[in-house]
Amino acid sequence: MAPRFAVSQEALDPHQVSASIADAEGSRQPRGAMMTFSGVVRGTNQRHQVLRLEYEGYEPMILKVFEQIGAEIEQAWPGTACAMHHRLGTLRIGEISIVIATGSAHRAAAYAASRYAIERVKQIAPIWKHEYFEGGDVWIEGAVAAADDEAAKKRAMEAACA
Amino acid sequence: MAPRFAVSQEALDPHQVSASIADAEGSRQPRGAMMTFSGVVRGTNQRHQVLRLEYEGYEPMILKVFEQIGAEIEQAWPGTACAMHHRLGTLRIGEISIVIATGSAHRAAAYAASRYAIERVKQIAPIWKHEYFEGGDVWIEGAVAAADDEAAKKRAMEAACA
Amino acid sequence: MRVTVRLFARLREIAGAETIAHDVPDGSSLADVWTSLSSTWPALAAFDRTVSGAINAEYARMSREVREGDDVAFLPPVSGG
Amino acid sequence: MRVTVRLFARLREIAGAETIAHDVPDGSSLADVWTSLSSTWPALAAFDRTVSGAINAEYARMSREVREGDDVAFLPPVSGG
C-alpha cells in the first residue's frame, strides 16, 4: 500500500492515495465518504500559454508539514483521515501536481477536511512552482509560510466552511 | 469513455467517472481542479451490524435527474462539469454506491459543485436503499422528493457553502 | 382511460407489483390515480403526505392531469447516495 | 560555528547554490544567518519581509538561535498545490 504522505518525481495515482486511507485505522471498517482532490496543470494561466511547470520542494520538510496537516485534521474532525501526495520535477499540461484524499464516516467532514488540507498545503508546504510559458518563465510566489500562524489556520477553516 | 451520467449493477470505478469530464468541453484544455466523491457502504449504522444494502431505482428518471443536477451546477458555477454514476442492486460492505466527479478551472467551484451534487442526489434522485442487518431489514426513507423545490435547492447550496 | 403505474420500494411491496395497468376516468389527476390505488391497497395511505409523483419519468405535481398511455410513477421518500 | 544553509527557488538562484556551509558567530539567530547571507548576496534583501526560516526541516521563528551543525533553510513564499 502507498504511504499516506509522499513526494514523488513520478506520475501520481489518485486511486493509490485514496486506498491508503480506505479503512479506518486498526479495523476493516470502511469509511462512508471518500473524497479525492487532484490539482491538474492547466495550459493557460492569465494570458500565458503555459509550456510546463517545474516544482521544487524541500522533501523531508514537506513530509513533516503533511503530517502536521493530517494531525490538524484529526483534531478538527476526529476520525477523519487525510493522505497527500505531491509531485515534484517537471510537469506537463494535464498532469497531476497534487492528490489529497480524505475519508470519514460522514460526508460533511470528508469535504471540509479535503478543502482545509489544500488550503493548508498552499499556505505552508515548502514547495515552489516555476512556470515556463511562451516567451519567459516566472517563479510563482504565493503564501508567506509559518507553521503556527493561527490566522492562516482560521482562513483555511473558513474556506472549508467548517 | 464512460458516460457522464450512469446507473449500473456493476462495481463503480471512480477513475472512469472522473475521466468522463477531465477535459473542458470541445477542447483539450484540462480542468485545474478535479474532485471525486465516493459513497461507501459502511458496516454499522447506528446500532445495526449491516449485512448488505439493496438499492432500487427508477433508471430512466435517475438519468434525467442527474442531467438536471448537472444543468443546475453549470448554471451556478459556469464551466464546472459534473459526472455521476450510481450503483443499484445488492451492495456489500465496502462497496461504492455512488461516485460524483466534478471538475473546474478553480478548486472553490469544484468543491462546492461536488457537495451540491450529493445533496441534490439525496433530495431528488429516485433511488431507495433497503438495509439488511442482523435480525431484520428496513427501507431507508429520506427526503420527500420534488424537482422544483426551491427551498431544497437553497439547502443544498448552503451545504455547499456557496 | 388506461395508464401504466410504477411503484417503488415500500409502495411496490404493499401493492405486490412494480408495474400496474390501471384504468382511471378521463380528467384524472395524479392525486386521483393515487387515491384510486389507495382504495385497492389501503396501506398506501400511510404515504399520502410523503409520496411524490412523476409522469413519463419526470417529476409532476399531484394536481397534474394524466393522459391516456402515460407512464405514471409514485415515489416514496428517496434515499439514494 | 558552522551550519548548513539550504536555499530554495529564487533564493537558490540568487545564491547560485542550494546548500551552503556557512560560518556564523555563536549565539546567532536565524535572522542573523539571513543577514549574513544577504551581505554576500545583496539581492536576497528583496525577501527580507517574506522569507521564512526552518531549522532541521521544521519551521522556526527568525529569532530562534541556531546551533552548531543545524540544518538551516530559508524559504521564499511557497506555491505548492
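In what follows, chains carry the letters A, B, and so on, assigned in the order in which the sequence lines appear, proteins first and then strands, with residues in each chain numbered from 1. These figures come from a predicted structure and were not determined experimentally.
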Where is the tightest heavy-atom contact between [X] and [Y], given as atom of each residue plus distance?
X: D:S79; Y: A:G142; answer: CB-N, 4.1 Å
X: A:D148; Y: D:R61; answer: OD2-NH2, 2.9 Å
X: D:L75; Y: A:P126; answer: CD1-CB, 4.3 Å

Legend entry - Choice from A:M84, A:E56, A:E54, A:K129 maximising heavy atom contacts with chain D below 4.5 Å: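 Sorted descending by pairs with chain D, the first entry is A:E56.
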Inset, instruction - Measure the CD1-CZ distance between A:I127 and D:F8 for me, rounded to the nearest 0.5 Å. - result: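 One finds 11.0 Å between CD1 of A:I127 and CZ of D:F8.
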Legend entry - Nearest-0.5 Å distance, CG of residue D:D71 to OH of residue A:Y58: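 Answer rounded to 0.5 Å: 4.0 Å.
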Of the backbone (N, CA, C, O) and the side chain (C-beta and beyond), which part of [X] lies under 4.5 Å from a heavy atom of chain D, both, or neither?
X: A:A125; answer: backbone
X: A:Q123; answer: backbone
X: A:Y55; answer: side chain
X: A:K64; answer: side chain
X: A:I118; answer: side chain
X: A:V99; answer: neither
X: A:I124; answer: both

Legend entry - Whether over 12 other heavy atoms sit under 6.0 Å from A:Q75 CD: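 Check fails, neighbour count at 12 or below.
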Legend entry - Whether over 12 other heavy atoms sit under 6.0 Å from A:H15 NE2: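 Not more than 12 within 6.0 Å, no.
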Heavy-atom donor-acceptor pair, [X] side chain to [Y] backbone, under 3.5 Å:
X: A:W128; Y: D:P77; answer: yes
X: A:H130; Y: D:A9; answer: no
X: D:S52; Y: A:A146; answer: no
X: D:T50; Y: A:V144; answer: no

Inset, instruction - Salt-bridge test for A:E141 and D:R10: reply yes if a basic N is under 4.0 Å from a carboxylate O, no otherwise. - result: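 No salt bridge links A:E141 with D:R10.
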Inset, instruction - Heavy-atom pairs under 4.5 Å with chain A are the metric here; pick the option from D:G53, D:G80, D:A54 that has the most. - result: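 Of D:G53, D:G80, D:A54, D:G80 has the most heavy-atom pairs under 4.5 Å with chain A.
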Inset, instruction - Please flag which part of D:E18 lies under 4.5 Å from any non-hydrogen atom of chain A: side chain, backbone, both or neither. - result: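 No part of it gets close to chain A.
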